[in-house]
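As structure tokens, the structure follows; a few thoughts come after it.
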Amino acid sequence: MKAPEKRKFQTRLVRWFKANRRPMPWRETNDPYKIWISETLLQQTQVATATGYYLRFISRFPDVRSLSRARLQTVLKLWEGLGYYARARNLHRAASQIVKRFNGRVPDDMEGLLSLPGIGRYTAGAVLSIAYGKPVPVLDGNVIRVLSRLFRVEDDVRRSETREALWDLAESLMPAGNCRDYNEALMELGAVVCAPRNPACPVCPVRPDCKAFAASVQEDYPRSAPRKAIPHKHVTAGIIWKNGKFLITLRPARGMLGGLWEFPGGKAEPGETLEQCLKREIREELGIEIRVLRKLVSVNHAYTHFRITLHAFECLAGAGRVRPLACDDFKWITSRELDRYPFPGADRKIIALLSRIDPPKRGTRPPEKGDPG
DNA sequence: AATACGGGGGA
DNA sequence: TCCCCAGTATT
């Protein structure tokens with residue numbers, strides 16, 4: 001785009017935004033801390049979902065220091081149900097780094113921001129432009145869609161070379177002033193007008209600049225290769241009783257669902273029954289034998305790269321002391337205490353279905369020869 | 001350069 | 001029910 005049309009594009013976009021700006025709690029502030037929190041929440045997460053979490057988070061942790069002093073478990077509990085829990089772990093780590101290395105101030109330069117865990121080029125650009133008013137571009141999914149349509153970008157937008165080109169494009173369109181409005185406008189346009197399907201081209205302020213609209217091929221962009229099929233797995237979980245309490249285990253701090261609590265168990269191997277699976281997993285994870293009494297419920301749950309059916313079984317703990325062999329910690333608790341702990345969505349579904357988790361009645365199944373206990 | 005990482009919403 | 005969405009860290 002040449003300079004005059006670029007200015008026209010920027011003006012049309014920002015004028016539209018000022019007239020159509022949706023109110024959001026983080027749009028009421030310039031506080032870099034709050035902008036950082038909101039942008040982290042908004043990664044992979046829609047505005048409607050993020051809003052409630054944002055209000056609770058800011059109310060509990062109004063500034064960097066309060067977040068840095070918090071326990072990770074408290075932060076994860078506030079994040080429960082949102083997914084991508086590394087975001088919460090990184091927020092917590094970054095807060096203490098900001099206190100130590102930056103005297104409690106969120107950095108106002110690209111290098112400082114990128115040095116913090118959980119902050120990549122998008123979040124750094126958002127904080128710099130929105131909180132500090134600096135002319136730094138942002139490129140999120142919305143902007144990718146808008147730009148790929150405006151310029152009919154033919155390459156797969158998931159390829160890193162294409163991403164690089166899109167960053168260059170975003171940078172070249174960036175105005176010198178009005179940076180906050182401009183970047184928010186670009187993302188807002190992608191969210192409410194330039195939607196993935198059925199984009200509202202008739203009301204689009206930059207329709208005159210759009211090559212895809214000119215050729216009536218808006219919905220063909222952004223281009224990307226078809227994704228591959230996702231596998232389905234069967235997973236077991238034990239409600240393992242002893243002395244009126246049951247076991248929960250803490251997932252290792254790194255990796256999937258890291259730092260969350262769950263009912264112990266694991267993935268079924270090929271050819272293994274669910275009961276065999278559960279007994280094996282408990283042996284490997286906690287070093288004890290169990291007696292499986294009955295199946296309680298099964299729930300389906302979808303992750304990004306696979307789906308699971310999670311089967312919950314009522315069990316009794318056998319003799320021997322529990323050791324955290326393949327988890328970071330374990331606790332014996334009652335159902336009243338469940339809400340204190342952050343759980344993955346699938347485990348929450350089980351908890352909801354059981355409504356109350358009561359100890360097994362005696363004589364549920366006749367004792368068998370070789371049963372533990 | 002490719003893959004792992006959750007869960008919600010819309011068709 | 002299925003399909004789509006998409007920043008950062010890791011390998």
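These figures come from a predicted structure and were not determined experimentally. Convention: sequence-line order gives letters A, B, ...; per-chain numbering from 1.
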Using a strict 4.0 Å threshold on nitrogen-to-oxygen distance, state whether A/Arg197 and A/Glu219 make a salt bridge. no
Electrostatic pair A/Glu289-A/Lys279, nearest N-O below 4.0 angstrom: no
For residues 66-73 of chain A, dump all side-chain donor-acceptor pairs below 3.5 Å to protein atoms at least two apart in sequence or in another chain.
unit_1	atom_1	unit_2	atom_2	d
A/Ser66	OG	A/Asp63	N	3.2
A/Ser66	OG	A/Asp63	O	2.8
A/Ser66	OG	A/Asp63	OD1	3.0
A/Ser68	OG	A/Arg65	O	2.8
A/Gln73	OE1	A/Trp261	NE1	2.9
A/Gln73	NE2	A/Gly259	O	3.0

Drop me the distance from A/Ile240's CD1 to A/Ile288's CD1, to the nearest 0.5 angstrom. 5.5 Å
What I'd like to find out is whether the side chain of A/Arg152 reaches to under 4.5 Å of the side chain of A/Val217, using heavy atoms alone. yes
Take atom OH of A/Tyr303 and atom C1' of C/dC2, then tell me their distance rounded to the nearest Å. 19 Å
Assess whether a salt bridge exists between A/Glu184 and A/Arg27, defined as any Lys/Arg side-chain N lying under 4.0 Å from an Asp/Glu carboxylate O. yes
If you draw a 6.0 Å radius around CD in A/Glu111, do more than 12 non-hydrogen atoms from other residues or ligands fall strictly inside? no
Would you classify A/Ala302 as touching base, sugar-phosphate or nothing, given that sugar-phosphate means primed atoms plus P, OP1 and OP2, and contacts are heavy atoms under 4.0 Å? base
Quick one: does A/Phe313's side chain get under 4.5 Å of A/Ile239's, heavy atoms only? no
Taken in chain and number order and not counting sequence neighbours, the residues that satisfy side-chain contact (heavy atoms from CB on, under 4.5 Å) with A/Ala19 are none
Taking the nucleotide of DNA chain C with the closest heavy atom to each, which residue, A/Ile144 or A/Arg254, is nearer the 5' end? A/Ile144
Do A/Phe57 and A/Tyr54 have ring centroids that are under 6.0 Å from one another? no
B/dG6 and C/dC3: how far apart are their P atoms, nearest whole angstrom? 22 Å
Atom pair CG/CD1 of A/Leu139 and A/Ile144 - distance to nearest 0.5 Å: 4.5 Å
Suppose you measure atom C1' in C/dA9 against the same atom in B/dG8; what distance do you get, rounded to whole Å? 23 Å
Residues which pass side-chain contact (heavy atoms from CB on, under 4.5 Å) with A/Asn183, listed by chain and number, not counting sequence neighbours: A/Ser129, A/Val138, A/Met174
Residues forming a side-chain contact (heavy atoms from CB on, under 4.5 Å) with A/Ala50, sequence neighbours excluded: A/Trp26, A/Leu41, A/Leu42, A/Thr45
Looking at A/Arg307, A/Arg348, A/Lys349, which hits side chain to side chain donor-acceptor pair (under 3.5 Å) with A/His301? A/Lys349
Within the distance-only criterion (no hydrogens, no angle test), does the side chain of A/Arg294 pair as donor or acceptor with the backbone N or O of A/Glu314 below 3.5 angstrom? no
Residues in residues 76-99 of chain A with a heavy atom under 4.0 Å of DNA chain B, by number, are A/Gly81, A/Leu82, A/Gly83, A/Tyr84, A/Tyr85
Check DNA chain B for consecutive Watson-Crick or G-U pairs with both distances under 3.5 Å and list the runs of at least three as stems. B:1-5 with C:7-11, B:7-11 with C:1-5
Among residues 153-167 of chain A, which ones have heavy-atom contacts with DNA chain B below 4.0 Å? A/Ser160, A/Glu161
When the P atoms of B/dG9 and C/dT8 are compared, how many Å lie between them, rounded to an integer? 22 Å
Listed in order of residue number, which residues of residues 112-124 of chain A have a non-hydrogen atom at under 4.0 Å from DNA chain B? none
For a side-chain contact (heavy atoms from CB on, under 4.5 Å) check, start with the C-alpha distance between A/Arg87 and A/Trp79, then their side-chain angles and the critical distance, and finish with the verdict. CA-CA 9 Å; A/Arg87 290 183 292 173; A/Trp79 212 266; 3.6 Å; yes
Cationic N near anionic O, under 4.0 Å, A/Asp220 to A/Arg149: no
Students should find that the nucleotides of DNA chain B closing off the region near chain A, any atom under 4.0 angstrom from a heavy atom, are B/dA1 to B/dA11
A/Arg280 and A/Glu275 ion-paired at < 4.0 Å: no
Say whether A/Ser298 and A/His311, considering side chains only, have a donor N or O and an acceptor N or O under 3.5 Å apart. yes
Show me the pairs that pass side chain to side chain donor-acceptor pair (under 3.5 Å) and involve residues 161-178 of chain A, at least two apart or across chains. A/Arg159-A/Glu161
By a strict heavy-atom criterion of less than 4.0 Å, which residues belonging to residues 32-43 of chain A are in contact with DNA chain B? none
Electrostatic pair A/Lys8:A/Glu5 at N-O distance under 4.0 angstrom: no
Between the protein and nucleotides 3-5 of chain C, are there any N/O to N/O pairs under 3.5 Å, and if so, what are the atom names and distances?
none

